[in-house]
Amino acid sequence: MRELIQRAVWLAVILVLLLPVGLWGQTDCETGNGALDSAPPKTMSVQDVIQKFGAAEAVTKEARLHYTYKQDVLMQTLVGKNVTGEFHEVTNVSYDEKGKRKEEVKFAAQSTLRGIQLTPEDMEDIRVFMPLMLAREDLQQYNLTYDGQQHVDDLDTYEFHVEPKKKDEKGKRYFQGRIWVEAQDFQIVKVCGKSGPEKVQVKKRDRPELHPTFVTYRQQVDGRYWFPAYTRSDDTLQFKAGPVQVREIIKYSGYQRVGGG
């Protein structure tokens, strides 16, 4: 997201600065999490867990290419609890026989977001990083650190910290944060983090590019695949001109398998 400077925005910035810190947006990654047990897995090595979930994620990632679903994106700018603008788009998503994504826009309202402009990177976040899938080939780009075992809602999971191996590769974007892998199906069921790299404004002509921290939950589809179901982000982006509070909710619903793939 890039900053959009307008007179009204300056008023919003002043109001935000006057608010107690507790009212500022902050994505909660800990909801539903139980106590973290940092002991190693009991029945296999950490590397075995990584190999198993990389293989399971590859199957799930491929399977999702044979489903249609609805994607409902609502993004809002706020001052405290008051919504100052929003972007709302509903699309039907499908994939062609070569796995290319197709989008049919069913609803799109004119954006009234205040203080920010959506960028191609924001749209890539919605399509790629927020519904994150890490198959074997994707894992090659990351370093994974085992954090422990954790109960998430009613699921037993392995938690990993994920960092890109290269943060300065030109033209490459990445995820950094945490993932929770279900201990029986070895598929990711929860993601919390953000995309990168970010660009801060150093010189006046620089265009900053900041992205919010998000949390995504998956649900089981057809008794086998854990597909993205819900993403939420509530974050305050610290631009040079002042903070902008952003809330984003994405719902992925109505998964239907098509074709024979």
Donor-acceptor under 3.5 Å ([X] side chain, [Y] main chain):
X: Asp235; Y: Thr213; answer: yes
X: Gln150; Y: Gly34; answer: yes
X: Gln187; Y: Arg224; answer: yes
X: Asp37; Y: Ala39; answer: yes
X: Lys190; Y: Cys29; answer: yes
X: Tyr142; Y: Tyr174; answer: no
X: Asp28; Y: Glu30; answer: yes
X: Thr27; Y: Asp234; answer: yes

As an exercise, state the distance from [atom1] of [X] to [atom2] of [Y], rounded to the nearest 0.5 Å.
X: Gln51; Y: Arg136; atom1: CD; atom2: CZ; answer: 9.5 Å
X: Glu121; Y: Ile126; atom1: CD; atom2: CD1; answer: 12.0 Å
X: Glu159; Y: Thr157; atom1: CD; atom2: OG1; answer: 7.0 Å
X: Thr77; Y: Leu237; atom1: OG1; atom2: CG; answer: 11.0 Å
X: Asp125; Y: Thr119; atom1: CG; atom2: OG1; answer: 7.5 Å
X: Asn92; Y: Glu104; atom1: CG; atom2: CD; answer: 5.5 Å

Could you check, using the six-membered ring where one of them is a Trp, whether Phe53 and Phe160 have ring centers closer than 6.0 angstrom?
yes

Given the side-chain rings of Tyr95 and His66, with only the six-membered ring counted for Trp, is the space between their centroids under 6.0 Å?
no

Compare all side-chain heavy atoms of [X] with those of [Y] and state whether any distance is below 4.5 angstrom.
X: Arg173; Y: His211; answer: yes
X: Lys251; Y: Val73; answer: no
X: Tyr230; Y: Ser253; answer: no
X: Glu57; Y: Leu139; answer: no
X: Lys70; Y: Val90; answer: yes
X: Gln256; Y: Tyr69; answer: no
X: Ile179; Y: His161; answer: no
X: Phe214; Y: Val191; answer: yes

Test: Lys61 and Asp138 ion pair at under 4.0 Å
yes

Less than 4.0 angstrom from a charged side-chain N to a carboxylate O is my criterion; do Arg127 and Glu103 meet it?
yes

For Glu169 and Lys165, what are the C-alpha separation, side-chain angles and deciding distance, and is it a salt bridge (Lys or Arg N to Asp or Glu O under 4.0 Å)?
CA-CA 10 Å; Glu169 193 171 353; Lys165 291 180 178 178; over 6 Å; no

How would you list, by chain and number, every residue that makes a ring pair (Phe, Tyr, Trp, His ring centres under 6.0 Å) with Phe186, sequence neighbours excluded?
none

With Phe227 via ring pair (Phe, Tyr, Trp, His ring centres under 6.0 Å) - residues at least two apart:
Tyr67, Tyr225, Tyr255

Donor-acceptor side-chain pairing of Thr216 and Thr231 below 3.5 angstrom
yes

Would you mind telling me which of Glu86, Arg247, Glu248 makes a side chain to side chain contact (heavy atoms under 4.5 Å, CB included) with Met75?
Glu248

hydrophobic_cluster_shared for [Y] and [X], side chain cutoff 4.5 Å:
X: Leu113; Y: Leu74; value: no
X: Trp180; Y: Tyr252; value: no
X: Leu65; Y: Ile188; value: yes

Derivation and outcome, side-chain contact (heavy atoms from CB on, under 4.5 Å), residues Asp185 and Gln220:
CA-CA 10 Å; Asp185 294 333; Gln220 197 173 49; 3.2 Å; yes

For Thr236 and Gln238: C-alpha separation, side-chain torsions, deciding distance, then whether side-chain contact (heavy atoms from CB on, under 4.5 Å) applies.
CA-CA 6 Å; Thr236 300; Gln238 300 292 339; 3.6 Å; yes

